[in-house]
Amino acid sequence: MSQSPFFGVGIFVPVSDLKRSTEWYTRVLGFEIMHKDEPNATVTMMNDNKIIFCLVRSYNIVQKPFPKNDYGVGQYFNFHTQDVESAYKLLRQRGADVGEIEEFDGMRGFSLQDPDGNRFGVVN
């Protein structure tokens, strides 16, 4: 199998209040600001530029629920961690809106929601 030409991922996240969301993603998730294109966007990163989140000021945000499925998935992507309990405790201390820790098929994790209702999972 040949090596992929891709080295990372960029994710665009709709936000209603760019200042509030930039503060949340940096304070709660620990992302670093790479670039500000105020008042329209802030580019943040985690893991040395391998994962980029571009927070885009948006209007009339409607959260699209993940389609009904038999796999138990309820959000579009997950953050991975080696220590679910520590991540859970840290995010709660930082004021994040997190769901209860659950177990499924040998994995453990919980849901996380940003101020605009964008949902993520946190799993081991």
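- No side-chain donor-acceptor contact under 3.5 Å links D17 to the backbone of V15.
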(request) For M46 and F31, run side chain to side chain contact (heavy atoms under 4.5 Å, CB included): C-alpha distance rounded to whole Å, both residues' side-chain angles, the deciding distance at 0.1 Å, then the answer. (result) CA-CA 5 Å; M46 63 181 290; F31 288 11; 3.5 Å; yes
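- The environment of CZ in F12 is sparse: at most 12 heavy-atom neighbours from other residues, nucleotides or ligands sit within 6.0 Å.
- Ring-centre distance between Y25 and F79: not below the 6.0 Å cut-off.
- A donor-acceptor pair under 3.5 Å links the side-chain atoms of R27 to the main chain of R94, judged by distance alone.
- Residues T81 and V123 fail the side-chain proximity criterion, which asks for heavy atoms closer than 4.5 Å.
- Between the side chain of N78 and the main chain of H80, no donor-acceptor pair closer than 3.5 Å is present.
- By the 6.0 Å contact criterion, CD on Q63 is enclosed, its count of non-hydrogen atoms from other residues, nucleotides or ligands being greater than 12.
- Between the side chain of S21 and the backbone N or O of L18 there is no donor-acceptor pair closer than 3.5 Å.
- Of all the heavy atoms in S86 and D83, the pair that sits closest is OG-OD2, 2.7 Å.
- Note that CD1 of I33 and CD of E23 are 10.0 Å apart. Values are rounded to the nearest 0.5 Å.
- In terms of hydrophobic clustering, with Ile, Leu, Val, Met, Phe, Trp and Tyr side chains grouped at heavy-atom distances under 4.5 Å, I11 and F120 are assigned to a common cluster.
- D114 places a side-chain N or O within 3.5 Å of a backbone atom of D116 that can act as its donor or acceptor partner.
- Checked by atom type and distance alone, the side chain of D37 never pairs as donor or acceptor with a backbone atom of A41 at under 3.5 Å.
- Linking Ile, Leu, Val, Met, Phe, Trp and Tyr whenever their side-chain heavy atoms come within less than 4.5 Å leaves F7 and V9 in two separate clusters.
- Between V56 and N40, the closest side-chain pair of non-hydrogen atoms is not below 4.5 Å.
- Among all heavy-atom pairs drawn from L112 and V98, the shortest one is CD1-CG1, 3.7 Å.
- Placement of L29 and F110 within a single hydrophobic cluster is found when ILVMFWY residues are connected by side-chain heavy-atom separations under 4.5 Å, directly or transitively.
- Heavy-atom neighbours of R20 CZ from other residues, nucleotides or ligands within 6.0 Å: above the threshold of 12.
- When all heavy atoms of S16 and I61 are compared, the pair lying nearest together is N-CD1, 3.4 Å.
- Side chains of P14 and N118 form a contact here, defined as non-hydrogen atoms less than 4.5 Å apart.
- Linking Ile, Leu, Val, Met, Phe, Trp and Tyr residues whenever their side-chain heavy atoms come within less than 4.5 Å leaves M45 and F53 in two separate clusters.
- At a threshold of 4.5 Å between side-chain heavy atoms, the hydrophobic network of Ile, Leu, Val, Met, Phe, Trp and Tyr places Y76 and M107 in two separate groups.
- Annotation: Q93, atom CD; neighbour count of heavy atoms from other residues, nucleotides and ligands within 6.0 Å is above 12.
- Taking CZ of R92 as the start and CG of D97 as the end, the distance is 10.0 Å to the nearest 0.5 Å.
- Pairing each heavy atom of G109 with each of F104, the nearest pair is N-CE2, 4.0 Å.
- Scanning all heavy atoms of the two residues, the minimum distance from A96 to W24 falls at CB-CZ2, 4.4 Å.
- Looking only at distances, no side-chain donor or acceptor of R119 sits under 3.5 Å from a matching main-chain atom of S111.
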(message) As a quick check of understanding, evaluate side chain to side chain contact (heavy atoms under 4.5 Å, CB included) for T26 and E32, giving each step before the final call.
(response) CA-CA 6 Å; T26 55; E32 295 178 45; over 6 Å; no
